[in-house]
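Report on the structure given below.
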Amino acid sequence: MSETIRQVLASESPRPSITVCGWVRTRRDSKACSFLELTDGSCFKGLQVVVDASLPCSNLMPSILTGASVQVEGDLIPSPAAGQRWELQAKNVELLGEADASYPLQKKGHTPEFLRTIAHLRPRTNLFGSVFRVRSRMAFAVHRFFQERGFFYAHTPIITSSDCEGAGEMFRVTTQKPGSNAKPEDDFFGRPTYLTVSGQLQGEAFACALGNIYTFGPTFRAENSNTARHAAEFWMIEPEMAFYDLFADMTLAEENVRYLVQAMMTECPDELEFFNKFVDKELVARLQQTLDKPFERISYTEAVDLLLKSGRSFEHPVVWGEGLQTEHERYIAEEHVKGPVTIYNYPKVIKPFYMRQNDDGRTVAAMDLLVPGIGEIIGGSQREERLDLLQAAMKAQDLDEETYRWYVDLRRYGSVPHAGYGMGFERLLMFVTGVSNIRDVIPFARTPGHAPY
RNA sequence: UCCUGAGUAGCUCAGCGGUAGAGCGGGUGGCUGUUAACCACUAGGUCGUAGGUUCGAACCCUACCUCAGGAGCCA
């Protein structure tokens, strides 16, 4: 049975006769021996394998090029040379799978853009191996955060007939043939159905039964968005809490981000060091500051004021009642606050019907958590729990109450104050790794005109 | 979808009207307990696609395709 390189490198003492499998990162030949740098994805570091030229298997060396897969049997000994603590003195090397000179991954000089074109091979690189190990760790940390706080994991549907208003264009789900004129009533579900853009509405039903719940699953948006921060398929974390108001919601969101940053720093030190060195030299400082300093909170109205008083000329004018533009959000997070900031109480005219109306009559209890470099990483709100006000908001936004009957029922029977938010998992990963394009934190990214794998 | 920029060797790029170049990667030889090893030689290109201008186009013009950055939409 072979061991992972992660296990081997953690050894406290030399160990005879172990077996390791992996891919050759590079081979260097010397007079008396060859050096293989072996990685198996189990950790950031590779294992140096030394193959003595006198071994029968050394005649394999010329065919062991970068990318080849091998199984090595040998003794783990302290490395006599600088650069690594342990090395594997090979007794036998078996070539499992050759990689010829056309193997696209070389020892240096690859751009993320090129690696995107070989998404099936890029996890073998330092950068993407690190990203996807971190992705796994962070996903587990998300569950831990909520489970430690007594939240229940709710599986809201992927196929849905309800449009979570304001969340964006939806992908249609149908079994009808292309070009068919069949009515929705004749389709598989007897009504138009879509891939979910949010589990929030169903999440509210579960929060109003189990108390605190969260969802964590794939989400789909058919927007023709071509930016470094948008994907057509992404993973979203959506907690929903009964008896929470907006401020409790914001506090949980802040703790959530901080917990995950802490997890990144304590659980992925090798990857963090690599990202800080090669991807974003400010990363560690920025993450540390996220832990050290409390997040600021600024109301939308205060935000508009400080933008107007900033003396900065923005491309888009700052007007109360209109959405904050990216340049405005960036100014607030990156220059004014210089750290994570939550903006809350937005004008109701720019927000969806389910957000709770404030007493001023013109704002709703909504919040966005912005982080430097990424922008919005969390968007949430306290939900409108008052039946009459919810119905009025639906009417004002021209929504058919019949479609949302079950949702309105939650206000009809034992309605309670409740709140929740959505956190973009990939945006979180961008924040904790410093990787600047969402396509590089998803294994096989889906964006407009692009789903080749 | 809009704006801007870029597509030249397997990869990263130089060349910007007059014989297609370098580094890395590959091959051969040398040297060496090496560390993105090193030295020498060598193979490798419809210069994104299609038109056009010109005696002559990788280079100038037009359209299209692809990618990137910014914007909108949002997580």
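Below, chains carry the letters A, B, ... as their sequence lines are ordered, and counting in each starts from 1. Scope of the values below: all heavy atoms of this structure, side chains included, with no hydrogens, waters or symmetry mates. Everything quoted here is computed from the prediction, not taken from an experiment.
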Looking across every strand, which nucleic acid part, if any, lies under 4.0 Å from A:A32 by heavy atom: base, sugar-phosphate, or nothing?
-> nothing

Contact check, side chains of A:R122 and A:R116, non-hydrogen atoms, under 4.5 Å = yes

Partner nucleotide of B:rC38 by Watson-Crick or wobble geometry (both distances under 3.5 Å) = B:rG30

What heavy-atom pair brings A:G41 and A:R133 nearest, and what distance separates the two atoms?
-> O-NH1, 3.1 Å

Under 5.5 Å between ring centres and under 30° between planes: true for A:F234 and the base of B:rA75?
-> yes

To the nearest angstrom, how far is A:E113 atom CD from B:rC13 atom C1'?
-> 14 Å

Could you check which of B:rG33, B:rC67, B:rG72 has an atom nearest any side-chain atom of A:T326?
-> B:rG72

Go through B:rG69, B:rA71, B:rG33 for me and flag the one nearest to the A:T227 side chain.
-> B:rA71

A:H230 side-chain N/O to B:rG72 phosphate OP1/OP2 under 4.0 Å = no

Below 3.5 Å, does any donor atom in the side chain of A:R427 face an acceptor in the base of B:rC74, or the other way round?
-> yes

Closest to the A:A228 side chain, choosing from B:rG26, B:rU34, B:rG70 | B:rG70

If you take atom types as modelled and just measure distance, does the side chain of A:R229 reach the base of B:rA75 with a donor-acceptor pair under 3.5 Å?
-> no

C1' atoms of B:rA50 and B:rG7, separation to the nearest Å = 16 Å

Closest nucleotide among B:rG33, B:rG26, B:rA71 to the A:H316 side chain | B:rA71

Among the nucleotides B:rA71, B:rG69, B:rC11, whichever has the atom closest to the side chain of A:Q106 is B:rC11

Roughly how many Å is it from CD in A:E315 to P in B:rC2, rounded to a whole number?
-> 17 Å

C1' atom, B:rG17 versus B:rG56: distance in rounded Å?
-> 8 Å

Are A:R15 and A:W86 in a cation-pi setup, meaning NZ or CZ lies under 6.0 angstrom from the ring centre and within 45 degrees of the ring axis?
-> no

Whole-Å C1' distance, B:rG45 and B:rC11 | 14 Å

NA contact type, A:Q325, heavy-atom cut-off 4.0 Å: base, sugar-phosphate, or nothing?
-> sugar-phosphate

Which part of the nucleic acid, if any, lies within contact of A:I377, taking any heavy atom under 4.0 Å across all strands shown: a base, the sugar-phosphate backbone alone, or nothing?
-> sugar-phosphate

Write down the distance between CG (A:N224) and P (B:rC2), rounded to a whole number of angstrom.
-> 9 Å

B:rU35 base / A:E37 side chain donor-acceptor hit below 3.5 Å | no

With respect to the phosphate group of B:rA36, does any side-chain polar atom (N or O) of A:T26 fall under 4.0 Å of OP1 or OP2?
-> no

Given B:rC11, B:rG26, B:rU34, the nucleotide with the shortest approach to the side chain of A:Q84 | B:rU34

Which value, in whole Å, describes the distance between the P atoms of nucleotides B:rA43 and B:rG27?
-> 16 Å

With a cut-off of 6.0 Å (strictly less than), are more than 12 heavy atoms of other residues, nucleotides or ligands near NZ of A:K293?
-> yes

In whole angstroms, how far is the C1' atom of B:rU28 from the CG atom of A:D29?
-> 14 Å

What is the minimum heavy-atom distance between A:P56 and A:N59, and which atoms define it?
-> O-OD1, 3.1 Å

Compare side-chain N and O positions of A:T111 against OP1 and OP2 of B:rU12 and report whether any pair is under 4.0 Å apart.
-> yes

Where is the tightest heavy-atom contact between A:Y354 and A:S381, given as atom of each residue plus distance?
-> CE1-OG, 4.0 Å

Do A:S225 side-chain and B:rC74 base share a donor-acceptor contact under 3.5 Å?
-> no

A:I438 atom CD1 is separated from B:rG70 atom C1', nearest whole Å, by 17 Å

Who is the Watson-Crick or G-U wobble partner of B:rU53, with both distances under 3.5 Å?
-> none

For B:rU4, give its Watson-Crick or G-U wobble partner with both distances under 3.5 Å, or none.
-> B:rA68

Watson-Crick or G-U wobble partner for B:rC13, using a 3.5 Å limit on both distances?
-> B:rG21

Take A:G449 and A:E329, find for each the nucleotide of RNA chain B with the closest heavy atom, and name the residue whose nucleotide sits nearer the 5' end.
-> A:G449

Can you tell me how far P of B:rC74 sits from CD of A:Q200, to the nearest Å?
-> 14 Å

Touch class at under 4.0 angstrom, heavy-atom based, for A:M236 against every strand present = sugar-phosphate

So, is A:N226 near the phosphate of B:rG69, with a side-chain N or O under 4.0 Å from OP1 or OP2?
-> no

C1' gap between B:rC55 and B:rU46, integer Å = 23 Å

Roughly how far apart, to the nearest Å, are B:rC74 and B:rA57 at atom C1'?
-> 45 Å

Can the positive tip of A:R383 be found less than 6.0 Å from the middle of the six-membered ring of A:Y407, inside 45° of the ring normal?
-> no

Picking from B:rA68, B:rG26, B:rC73, which would you name as closest to the side chain of A:R439?
-> B:rA68

To the nearest Å, give me how far apart CZ (A:F114) and P (B:rA68) are.
-> 14 Å

So which nucleotide does B:rC47 pair with, by the Watson-Crick or G-U wobble rule with both distances under 3.5 Å?
-> none

Minimum-distance nucleotide to A:R116 side chain [options: B:rA68, B:rU1, B:rG33] = B:rA68

State which of B:rC74, B:rC11, B:rA37 makes the closest approach to the side chain of A:H110.
-> B:rC11

Within-4.5 Å side-chain heavy-atom neighbours: A:L47 and A:T39 | no

RNA chain B: 5'-proximal contact among A:C33 and A:G424 (nearest heavy atom) | A:C33

Going from OG on A:S42 to CG on A:L9, what distance comes out if it is rounded to the nearest 0.5 angstrom?
-> 7.5 Å

Gap in Å between the two C1' atoms, one belonging to B:rU12 and one to B:rC67, rounded | 16 Å

Syn or anti for B:rU46, taking syn as within 90° of 0?
-> syn

A:Y346 OH to B:rC74 C1', straight-line distance once rounded to whole Å = 12 Å

If the P atom of B:rU8 is compared with that of B:rA68, how far apart are they to the nearest Å?
-> 15 Å

